[in-house]
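Below, chains carry the letters A, B, ... as their sequence lines are ordered, and counting in each starts from 1. Remember, predicted model here, so these are calculated numbers, not experimental data.
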Number of protein chains: 4
Amino acid sequence: MVKDNELTKQKLLKAALEIFSEKGYYETKVSDIVKRAGVAQGTFYLYFQTKESIFTSIIQSTNDQMIEQIDQIFAEQVSPQMPKEELTRRLYETIYNCMALYRDHRSIVYMMRIHGASQFAEAESVAKACDENLLGIIMKLFRKFQLFPEYDQFQYEVAARAIHGLLNETCMQYVIVQELTEEELSKIVGVVTQMIYNMTLGCE
Amino acid sequence: MVKDNELTKQKLLKAALEIFSEKGYYETKVSDIVKRAGVAQGTFYLYFQTKESIFTSIIQSTNDQMIEQIDQIFAEQVSPQMPKEELTRRLYETIYNCMALYRDHRSIVYMMRIHGASQFAEAESVAKACDENLLGIIMKLFRKFQLFPEYDQFQYEVAARAIHGLLNETCMQYVIVQELTEEELSKIVGVVTQMIYNMTLGCE
Amino acid sequence: MVKDNELTKQKLLKAALEIFSEKGYYETKVSDIVKRAGVAQGTFYLYFQTKESIFTSIIQSTNDQMIEQIDQIFAEQVSPQMPKEELTRRLYETIYNCMALYRDHRSIVYMMRIHGASQFAEAESVAKACDENLLGIIMKLFRKFQLFPEYDQFQYEVAARAIHGLLNETCMQYVIVQELTEEELSKIVGVVTQMIYNMTLGCE
Amino acid sequence: MVKDNELTKQKLLKAALEIFSEKGYYETKVSDIVKRAGVAQGTFYLYFQTKESIFTSIIQSTNDQMIEQIDQIFAEQVSPQMPKEELTRRLYETIYNCMALYRDHRSIVYMMRIHGASQFAEAESVAKACDENLLGIIMKLFRKFQLFPEYDQFQYEVAARAIHGLLNETCMQYVIVQELTEEELSKIVGVVTQMIYNMTLGCE
DNA sequence: TATGAATGAGCGTTCATTCAT
DNA sequence: GATGAATGAACGCTCATTCAT
């Protein structure tokens with residue numbers, strides 16, 4: 001049911017994603033993309049208006065998917081009444097799933113975060129949307145668990161962002177930049193879980 | 001006592017830093033830089049061999065300075081025997097000083113981290129050097145305080161990186177991206193200090 | 001049967017040859033070439049990697065042709081046993097054919113010898129290859145006719161080069177620099193033949 | 001009695017000659033010249049209006065000297081009545097002196113002939129003036145010795161140019177391009193003398 | 001739909017020349 | 001006279017985009 005031209009478009013998107021990931025936006029030439037996709041130079045412009053548009057199109061669509069999947073990962077209900085072991089287990093699972101998700105989109109995340117971010121306003125805002133979404137989820141959990149009741153809205157945000165940064169950097173360094181085994185991933189998630197637990201639930 | 005040509009070089013560096021920060025490496029044209037510096041196109045090449053070289057020269061030299069200053073900030077001795085209040089105070093001060101340092105180099109850090117990173121291998125490695133230095137310092141403190149004694153080397157590294165990420169992201173988001181008042185900065189440092197304290201010393 | 005792009009390439013080669021001949025390598029701008037060829041600036045780089053490469057490509061290919069044709073001109077067998085009239089006739093014909101060949105490649109030879117030589121190592125070596133080829137042919141004839149039997153190898157070479165210089169300069173001055181009638185060419189070849197005959201066969 | 005500024009001018013001329021010889025006109029930068037001369041960039045323009053003008057000035061003045069010296073070399077009277085041995089000896093000496101003269105101006109001749117010729121009209125005309133002078137001398141000798149009495153003016157010229165080419169190429173190849181010992185030079189002059197003798201006096 | 005030759009604006013860089021000191 | 005920092009026109013080359021086929 002995939003139309004012939006859909007196939008060509010997919011070839012272009014795949015090639016573009018690969019090369020953008022390898023070399024970044026500016027060092028990627030449209031000619032590189034079409035060469036790897038195996039189509040003619042002109043064909044590119046049947047499917048994308050500009051070089052910029054294929055770039056934003058890639059990160060846009062991936063981002064939408066990832067936001068959705070992250071929402072699903074966090075959708076599982078947790079409540080302050082749960083025993084700590086249960087909460088820890090769920091925290092672990094959630095973080096694991098998140099990191100696995102990033103791992104599965106390694107090259108696109110790499111492109112978006114490492115090469116793409118802030119090369120255009122648009123690219124930046126896409127990455128930001130993803131961050132803000134995750135940040136919102138974290139803050140909601142803060143409120144649900146009434147952590148740091150003395151904090152005002154701004155302090156809440158800072159705290160949430162601290163967790164986000166913690167997650168983000170470990171994810172980038174260990175999950176995005178290299179190929180990981182399951183075992184390694186588990187180990188990383190273990191440490192990260194403990195850190196986040198300590199930061200939040202594990203202290204009076 | 002500044003020679004005339006040093007002045008021109010400084011004008012170029014200043015202009016370049018500003019425009020690189022605003023637009024990133026690729027969108028910055030040499031012609032933009034010289035225009036803002038108020039010199040002729042050719043003058044640029046009296047002081048810098050290429051456009052790339054002014055870029056790396058800026059981040060290189062700033063980075064060296066910052067690494068040195070961070071080392072100084074952390075040089076103050078702390079020991080596990082100190083009372084917790086003293087440790088907390090020092091932790092707070094250290095983080096404050098770090099963030100203030102970054103704030104004072106706002107635009108250059110912005111350029112390096114947001115625009116520069118991974119546009120060239122060299123730019124990337126410079127930023128990395130800075131991160132690794134801080135990471136090393138954190139790990140040394142981990143050992144000194146015998147935190148997480150059950151961790152192996154890799155887990156130590158992950159934990160240190162978690163702290164680094166926490167610091168880094170809050171710093172980027174609040175200190176680099178915008179102009180902050182002292183009050184706001186204090187508030188942020190307060191939250192971050194507490195988070196790190198919780199993660200490390202504040203739990204059994 | 002000539003593909004469209006071959007045609008463009010030919011237009012560029014023709015224009016380049018003309019302008020290089022007129023102004024030399026350095027005074028010829030790529031923009032001159034494309035203007036005369038009636039194509040856009042970028043089109044040039046579809047067919048040639050650099051300005052230098054079109055230059056060497058022109059002289060290289062012409063040179064190869066000319067070496068081959070000179071070899072053919074001299075291929076006809078002559079022997080010391082032939083009567084002097086026959087030898088003289090053949091000498092005349094050979095020289096005539098050589099000069100006619102150069103005349104037919106006038107502008108390219110001009111470019112190569114007058115403008116091109118020693119502007120690059122490569123251009124120089126191409127011209128040299130042609131000279132050395134001719135020199136080798138002359139020396140072979142020396143040996144066949146056992147001229148100057150008292151000469152050693154070096155003296156042979158000098159003598160051959162003397163003949164080559166004689167031929168070369170008359171050729172350059174009369175054949176390359178101007179448009180010649182058949183009659184003028186015959187007259188020149190007549191004199192040159194006699195000179196060479198005198199130098200070699202015509203003396204005890 | 002050499003004024004201070006004359007010295008500077010000489011340093012510039014010497015440096016320019018050297019570098020022009022090594023790299024040719026276009027590859028020589030004014031900055032190269034002043035660097036080797038050990039003066040400042042601006043100083044150059046106190047002594048020469050343009051880069052082109054130092055070039056033509058060098059070849060002009062050297063050429064004038066060489067023309068004069070060649071005239072002197074050929075000034076010695078020869079006449080058809082002299083015995084052949086005497087004539088041969090004088091021919092030998094004349095050619096020897098000529099080649100030695102060129103040898104002594106090796107680098108300047110190299111620059112003029114190999115790099116300079118025909119990069120500008122002016123440079124070309126200087127070299128030509130030298131050639132034409134020698135050509136005129138040769139033709140005068142032709143007439144004096146009534147060689148080839150059946151030749152018309154044009155044929156005379158061709159014959160003279162043939163000799164000139166013979167001399168010129170051997171001179172360029174052996175004398176200009178490399179450093180020669182006296183012995184080698186003698187050997188070359190020996191062959192060339194014989195060739196020219198054969199071409200002219202040595203045949204009925 | 002697909003091609004790929006053609007386009008041309010725009011970039012980084014060079015270097016002969018000028019001029020304030 | 002001497003300096004050398006400053007100039008700016010001009011070049012070679014790139015590459016996103018167009019368009020006739």
[N] phosphate, OP1 or OP2: any side-chain N/O from [X] under 4.0 angstrom?
{"X": "C:Y45", "N": "E:dA6", "value": "no"}
{"X": "A:T8", "N": "E:dA2", "value": "yes"}
{"X": "A:Y47", "N": "E:dA2", "value": "yes"}

- Between D:V30 and A:L46, which is nearer to the 5' end of DNA chain E once each is assigned its nearest nucleotide? A:L46

- Task: Name the residue closer to the 5' end of DNA chain E, choosing between C:F44 and B:G42 according to the nucleotide with the nearest heavy atom.
- Result: C:F44

Can you tell me how far [atom2] of [N] sits from [atom1] of [X], to the nearest Å?
{"X": "B:I54", "N": "E:dT13", "atom1": "CD1", "atom2": "C1'", "value": "14 Å"}
{"X": "D:E52", "N": "E:dC15", "atom1": "CD", "atom2": "C1'", "value": "16 Å"}
{"X": "C:F48", "N": "F:dT14", "atom1": "CZ", "atom2": "P", "value": "15 Å"}
{"X": "B:K11", "N": "F:dA5", "atom1": "NZ", "atom2": "C1'", "value": "11 Å"}
{"X": "A:K35", "N": "E:dG4", "atom1": "NZ", "atom2": "P", "value": "13 Å"}
{"X": "D:D32", "N": "E:dA16", "atom1": "CG", "atom2": "C1'", "value": "12 Å"}
{"X": "B:K29", "N": "F:dT14", "atom1": "NZ", "atom2": "P", "value": "16 Å"}
{"X": "A:Q49", "N": "F:dT17", "atom1": "CD", "atom2": "P", "value": "10 Å"}

- Residue met sooner reading DNA chain F from 5', once C:T28 and D:T43 are mapped to nucleotides: D:T43

- Want to settle it: does C:K51 or B:V39 sit nearer the 5' end of DNA chain F, counting the closest nucleotide to each? B:V39

- Mind checking whether C:F20 and C:F55 have parallel, tilted or perpendicular rings, split at 30° and 60°? perpendicular

- Task: Looking only at non-hydrogen atoms, find the nearest pair between D:I54 and D:A16 and report the distance.
- Result: CD1-CB, 3.6 Å

- For E:dT21, what is the paired nucleotide under Watson-Crick or G-U wobble rules, both distances under 3.5 Å? F:dA2

- Query: Any sub-3.5 Å donor-acceptor pair from D:K23's side-chain atoms to D:K29's backbone N or O?
  - Reply: no

- Query: Between the side chains of C:E52 and C:Y25, is a donor N or O closer than 3.5 angstrom to an acceptor N or O?
  - Reply: no

- Atom CD of B:E18 and atom CZ of B:R36: how far apart are they, to the nearest 0.5 Å? 5.0 Å

